[in-house]
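Have a look at the structure below, then the notes.
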Amino acid sequence: MGSETSQPLQSFKIDEPPDTAAAPAKPAPAKPAPAKPAPPATPAAPNSPAESRLFNNCWSCRLLSGLGLLGAGGYVYLVARRPMKMGYPPSPGNITQMVIGISIATWGIVIMADPKGKAYRIA
């Protein structure tokens, strides 16, 4: 019983390398060449039409992810803003935190509006 971390560690015996100075060098026995492993199976095309239709039409996924990021960014921004509301001068850390919060919120807006970058097609 107990977790794996509460169990005693297993000890492993490590063989010492043979002393090469005392024994004369012997040629190693010929080993057969190892068989080549089979090439990995080729994965399906990552941008298949069925896959792109599934994720582009999943409004609930986009809405949930976008609103989550928007809320997280707003929280980060407001936490950085709280000391300034109490009259403390802004520090570089607070300003950095506000910029990061705005960036996270902007990322959420981008996810809701244009999740796969369809607006900028590269021909």
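Heads up: numbering here begins at 1 and tracks the sequence. Just so you know, these numbers use all the heavy atoms, side chains as well, and skip hydrogens, waters and symmetry mates. Since we're looking at a predicted model, the values are computed, not measured.
- Judged as a side-chain hydrogen bond (donor to acceptor under 3.5 Å, both in side chains), and not counting sequence neighbours, S65 has no contacts.
- Heavy-atom minimum distance, P83 versus N94: CG-ND2, 3.7 Å.
- Between M112 and L63, the shortest heavy-atom distance links the atoms SD-CD1, 4.0 Å.
- Transitive grouping of hydrophobic side chains (ILVMFWY, heavy atoms separated by less than 4.5 Å) brings L78 and I102 into a common cluster.
- Atoms CE and CD1, on M84 and I95 in that order, are 6.5 Å from each other to the nearest 0.5 Å.
- Nearest heavy atom pair, residue A80 against residue M98, reads CB-CG, 3.5 Å.
- A side-chain contact (heavy atoms from CB on, under 4.5 Å) with I111 is found for one member of L69, L64, L67 and no other, namely L69.
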